There are 2 protein chains.
Amino acid sequence: MELTTKGRYAVMALADLAANGRADRSVPIADIAGRQGLSQSYLEQLFARLRRAGLVRAVRGPGGGYRLARDPGAISVSAVVAAVDEEIRVTACQKGDALGCQGRSSRCITHDLWAELTVHIDQFLTSITLADIVADAVRGRAAAMAAGPSSVQGDSGRCVTAGRLRAHGMGGVHAT
Amino acid sequence: MELTTKGRYAVMALADLAANGRADRSVPIADIAGRQGLSQSYLEQLFARLRRAGLVRAVRGPGGGYRLARDPGAISVSAVVAAVDEEIRVTACQKGDALGCQGRSSRCITHDLWAELTVHIDQFLTSITLADIVADAVRGRAAAMAAGPSSVQGDSGRCVTAGRLRAHGMGGVHAT
DNA sequence: CAATTCTTGACCGCATTTGTCGGGAATAGT
DNA sequence: ACTATTCCCGACAAATGCGGTCAAGAATTG
């Protein structure tokens, strides 16, 4: 798994764009870089990819800049990260082997684990949009999903049975 | 976030240990490295950390090796990864700044997002133990949690309302 | 004492990430 | 047309740290 600053920066930039731009107003990269404290040249590279992925549209010339291609509520964090973090490295488990895990017979014991983790993470990132970030509606979201996804929406159909979630202190996975 | 091969290898090794060893039998690193196709010297480093974290106990001399310190069902993947993937880099968002995100006033927009993601991932990794891996009881686990954690255990208290999960194709987050 | 096996620390090459730089191409205003 | 603005693109540089090796040493068994 590989989620680097590229992904973080991209989300920050698009969230900024969602907050400080409208459908009619373009925001220049320099402004975003300034507000978010990021390198302008670096951001340019990221926006190039975001554009190729169809998430933003560019307007050149004076008064130009970028604007979101869709509604902020229709752009998931998952999509943003995917646009920027290219290589879908389904890394072979046994690196000497060309087919690796896919090789059916010698599928390594932890294969399912990482596959499931990928799904789990993607479910989360897909469930959050730029609109959510701008609206500051993200805190507590993980707990909400764990309690049952229905509670994320409103709170019909409660479903709180604890299940088997050992406590244990979160370690090994780092963010921010 | 940073989940590298170190974490993968560690889990593979401990799962192997859970499968091929008992409370009375020690398994030498060489055996594990051989079965899992990993570098022995590299594994040694990982086991050093696993031991310091209290997850395994070492027995030296001929007939020695490693054995799990606890029951396989009492060791979560989260614990393993945490033991091996050291640096708790709560990386400052604005790298020039010493306090970064914590600095209350200038907390960057995406702070909550990554914090929640960390929680979300950890919930998953904490819910899975070595015993689960050995028993091959991991497939479909993410979907199960999304449907409501209660369904992971058995299937009392169903709770299936879809919630807001846009489809979208998983991208950007890679595993093996 | 000799064979195992863990224990530790130093070391290194390489790929990837994280940028920088400079020039070029569209566009708007004058 | 000229100029200022802004996106666009490719090459290049630096740093980080991952993945892995090597060698020496300390327990333990027989």
Side-chain angles (χ1 to χ4, degrees), chain A residues 1-10 12-13 17 21 25-34 36-53 56-67 69 81 84-89 91-96 174, chain B residues 1-10 12-13 17 21 25-34 36-53 55-67 69 81 84-87 89 91-96 172 174 176:
Chain A
M1 222 190 62
E2 209 79 4
L3 183 46
T4 70
T5 40
K6 253 201 290 240
R8 292 216 309 266
Y9 288 179
M12 288 174 68
L17 198 51
R25 198 172 98 75
S26 296
V27 181
I29 265 190
D31 290 15
I32 301 179
Q36 303 299 325
L38 306 177
S39 148
Q40 177 169 338
S41 328
Y42 194 38
L43 255 193
E44 281 176 2
Q45 290 179 41
L46 300 186
F47 267 95
R49 300 192 193 193
L50 293 171
R51 186 177 51 85
R52 285 183 213 116
V56 297
R57 264 198 295 266
V59 181
R60 297 210 245 197
Y66 285 95
R67 59 186 65 175
V81 172
V84 142
D85 254 339
E86 47 190 348
E87 340 160 10
I88 303 190
R89 71 161 83 157
T91 316
C93 289
Q94 325 264 20
K95 70 180 323 185
H174 324 306
Chain B
M1 221 189 63
E2 209 79 4
L3 183 45
T4 70
T5 40
K6 255 202 289 246
R8 291 217 308 267
Y9 287 179
M12 287 174 68
L17 197 50
R25 199 172 97 76
S26 295
V27 181
I29 266 190
D31 290 14
I32 301 179
Q36 302 300 326
L38 307 176
S39 148
Q40 176 170 339
S41 326
Y42 194 38
L43 254 194
E44 282 174 359
Q45 290 177 41
L46 300 185
F47 267 94
R49 301 193 192 192
L50 292 170
R51 186 177 51 84
R52 284 184 214 116
L55 293 179
V56 297
R57 264 197 296 265
V59 181
R60 296 209 248 197
Y66 286 95
R67 59 185 66 176
V81 172
V84 142
D85 254 339
E86 48 190 346
E87 337 157 15
R89 70 160 87 156
T91 316
C93 289
Q94 326 263 21
K95 71 181 323 185
H174 325 306
T176 292

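Please read all numbers here as calculations on a predicted model, not as lab measurements. Naming convention: chains lettered A, B, ... in sequence-line order (proteins, then strands); numbering from 1 in each chain.
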Task: Gap between atoms CD and C1', on A:E44 and D:dT6 respectively (whole Å) - done: 9 Å
Task: Distance, rounded to the nearest Å, where B:R8 contributes CZ and D:dG19 contributes P - done: 8 Å
- [ ] Calculate the interatomic distance between A:R67 atom CZ and D:dT6 atom C1'; express it in whole Å.
- [x] 13 Å
TODO: Remember a base hit wins even if backbone is also touched, and classify B:Y66 as base, sugar-phosphate or nothing at under 4.0 Å, heavy atoms.
DONE: sugar-phosphate
Task: Below 4.0 Å: OP1/OP2 of C:dT18 and any side-chain N or O of A:K6 - done: no
Open item on the list: Mind checking if A:A58 touches a base, just sugar-phosphate, or nothing, with heavy atoms under 4.0 Å?
Closed with: sugar-phosphate
Open item on the list: Under 4.0 Å, heavy atoms only, any strand: does B:S39 hit a base, just the sugar-phosphate, or nothing?
Closed with: sugar-phosphate
- [ ] Determine whether any donor atom in the side chain of A:Q40 lies under 3.5 Å from an acceptor atom in the base of D:dT6, or the reverse, and answer yes or no.
- [x] no
Task: Among D:dT21, D:dT6, D:dA26, the nucleotide that comes nearest once only the side chain of B:R60 is considered - done: D:dA26
Task: Nearest-angstrom distance from the residue atom OH of B:Y42 to C1' of C:dA10 - done: 16 Å
Open item on the list: What's B:S26 touching, base or sugar-phosphate or nothing? Going by heavy atoms closer than 4.0 Å.
Closed with: nothing
Task: Rounded distance (Å) that lies between atom P of C:dC21 and atom CG of A:L43 - done: 16 Å
Open item on the list: Counting distance alone, no hydrogens or angles: does the base of C:dT20 have a donor or acceptor under 3.5 Å from a partner atom on the side chain of A:Q45?
Closed with: yes
- [ ] Establish, with yes or no, whether the OP1 or OP2 oxygen of D:dC7 is under 4.0 angstrom from a side-chain nitrogen or oxygen of A:R51.
- [x] no
